[in-house]
Amino acid sequence: MRLRPVPRQMLVEIGVLALAAAGTLWLTLSVWRSADFDVLEYAGYARAYWLGQPHFAALPQEYPPAALLVFGLAVLPAGSDVRVVFGVWMGLLFVVGFAGFRCRAGVSAAARYAMYLLLGAQGTLLARFDLVPALATVGALWAIQRRRFALAYLLLGVGILLKFYPVVLVPLAVLEHLHVIRQAGNIVEGGLVASPGTASGSGGGGTRQVAHVGRALVLTGAGIGFLCAAGITGMSLLRGPGSALASVRYAIERPIQVESFQATLLWLGTFLGIPAEHSYAFGADSYTGVLSGAVGMAAVAALGASCAFIYWRLGTGNLEIGRAFLVCLCVVALTSKVFSTQYLIWILPIAAEVGGDVVFWLLVCALSFVDYPLLYPFNQPGYTSMETTVFLALLAARNLALVVLTVRVLSRNDKDAPADARTGERREPLAVVAGDRRSAGM
């Protein structure tokens, strides 16, 4: 197989982005110092699991067991500063993600991907592992758009094993899959069968064979990763069931985190005389009040109702699959009791892929950057009430801006959806050409 040369412009763009990633790593380690806690914790979890006695029994308290696969990167190679090592791995992944956007979604989407993450996740991009499940989710969306549903399910499975939040996207993949199968059946029944050369273009049988081999390799690699993650999860649960239950309790008992939209609602309630205050628990800054329980239950109900509405919109053909992914992730972040800055890493790559509302997304990114790493200590004891008020007002502005963006994305007409970067054509998620009918199955 003859490989095509990489365009010079793309090499220049990747080089510039690599320099930006290197600068971000320096800021992360020397200025923001945002890797001093989490990455050291990742490395500690990895050593305890892989090297501790007994082996394969020590599970992370607040992370899924399969995250230990990613945590292991912090200690590879051994003997180096784990913060630098992990940052380099995440920087390489960031650049690989840019290259994927450049090839799959086009120059504009790749530029949005770089701008959004470098600004909105500046303090956490290379000091957290959220980029791994985030790019797996983007890959799943690309696979769905290209009718590669087996790959999409595998990538979503890997994401779920690492962070769990992609579970809300699985029904979207299933609904889109069902529509594709239904449309393919209608085409066959109508006798609209494409010629043998339609699906592969002018490349002929050799091109088709290479494409099949490439897809098989991708599926094999994703399947190995999925099985490894599932194997670690199963082994860990068998060896340390008590630790697994502890992680569940940790998620349930953790109070409302100060950056969450729930905390914003509690803070706004103080202007109506409803008391709420800062606290520190579970290794994070929290914001609690007399309405914490009611707000938490309302958030759970809002999550269920919103996801059901999004599924209905997609199922009835009134929502494009990319926007459905984006809105679902926004709803998850807004209804969660924890909305740490790194959670934007889940959303921003999908926002870059979907396109639109660039100014609004940059506003959310800028507000998030001012929140963390610039102003985050303002919610700590010892700061003046005015400084604390400024910090909470900033968080409220960021969260309310994301609410507005969520509504805008959900209400956008399908005709306004961006064109496919490679073909210039509008994506039609519920329509399948006859030549694609064989790829509608697993």
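Inter-residue side-chain proximity for Ser368 and Arg398 is flagged as met; some heavy-atom pair is nearer than 4.5 Å. For the pair Leu151/Arg146, no side-chain contact is recorded, criterion being any heavy-atom separation below 4.5 Å from C-beta on. A 4.5 Å side-chain heavy-atom check between Leu131 and Leu117 finds at least one atom pair inside the cut-off. With contacts defined as side-chain heavy-atom distances shorter than 4.5 Å, the pair Leu405/Cys330 does not qualify. Taking the side chain as every heavy atom from C-beta outward, Val174 and Tyr153 approach each other to under 4.5 Å. Tyr63 places a side-chain heavy atom less than 4.5 Å from the side chain of Phe129. Side-chain contact between Pro60 and Phe71: present, with at least one pair of heavy atoms (C-beta onward) separated by less than 4.5 Å.
Between atom OG1 of residue Thr270 and atom CG of residue Leu265 there is a gap of 11.5 Å, rounded to the nearest 0.5 Å. Here CE of Met10 is found 7.0 Å from CZ of Phe98. Values are rounded to the nearest 0.5 Å. The distance from the OG1 atom of Thr388 to the OH atom of Tyr287 is 9.5 Å, given to the nearest 0.5 Å. Taking CZ from Phe369 and CG from Leu374, the interatomic distance works out to 4.0 Å, rounded to the nearest 0.5 Å. Distance check, rounded to the nearest 0.5 Å: CG of Leu135 to CH2 of Trp142 gives 7.5 Å. Rounding to the nearest 0.5 angstrom, the gap separating the CE atom in Met90 from the CG atom in Leu25 is 11.5 Å.
In this structure Glu259 satisfies the side chain to side chain donor-acceptor pair (under 3.5 Å) test together with Gln257, Thr341, sequence neighbours excluded. Scanning for ring-ring contact (aromatic ring centres under 6.0 Å, His included) contacts around Phe339 gives an empty result, with sequence neighbours left out. Applying the side chain to side chain contact (heavy atoms under 4.5 Å, CB included) criterion to Ala401, with sequence neighbours excluded, gives Val364. Under the side chain to side chain contact (heavy atoms under 4.5 Å, CB included) criterion, Leu363 pairs with Leu367, not counting sequence neighbours.
Nearest heavy-atom pair across Ala20 and Leu118 is CB-CD1, 4.0 Å. When every heavy atom of Val170 is checked against every heavy atom of Ile160, the shortest pair comes out as CG2-CD1, 3.7 Å. Taking all atoms of both residues into account, the shortest heavy-atom contact from Gln145 to Ile321 is CG-CG2, 4.2 Å. Nearest heavy atom pair, residue Phe86 against residue Ala127, reads CE2-C, 4.2 Å. Minimum interatomic distance between Tyr116 and Gly356 (heavy atoms only, all atoms of both residues): OH-O, 4.5 Å.
The pair Arg147-Glu176 meets the salt-bridge criterion, since a charged nitrogen lies less than 4.0 angstrom from a carboxylate oxygen.
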Pairs of donor and acceptor atoms involving the side chains of residues 288-311, under 3.5 Å and at least two apart or interchain, shall be tabulated with distances.
| from | atom 1 | to | atom 2 | distance (Å) |
| --- | --- | --- | --- | --- |
| Ser292 | OG | Gly289 | N | 2.8 |
| Ser292 | OG | Gly289 | O | 2.9 |
| Ser306 | OG | Ala302 | O | 2.7 |
| Tyr311 | OH | Val168 | O | 2.7 |

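Residue pairs satisfying the salt bridge (charged side-chain N to carboxylate O under 4.0 Å, His left out) criterion with at least one member in residues 129-138, sequence neighbours excluded, are listed as follows: Asp130-Lys163.
For the pair Gln342 (side chain) and Leu125 (backbone), a donor-acceptor distance under 3.5 Å is absent. With Ser34 contributing its side chain and Gly123 its backbone, the two residues share a donor-acceptor pair below 3.5 Å.
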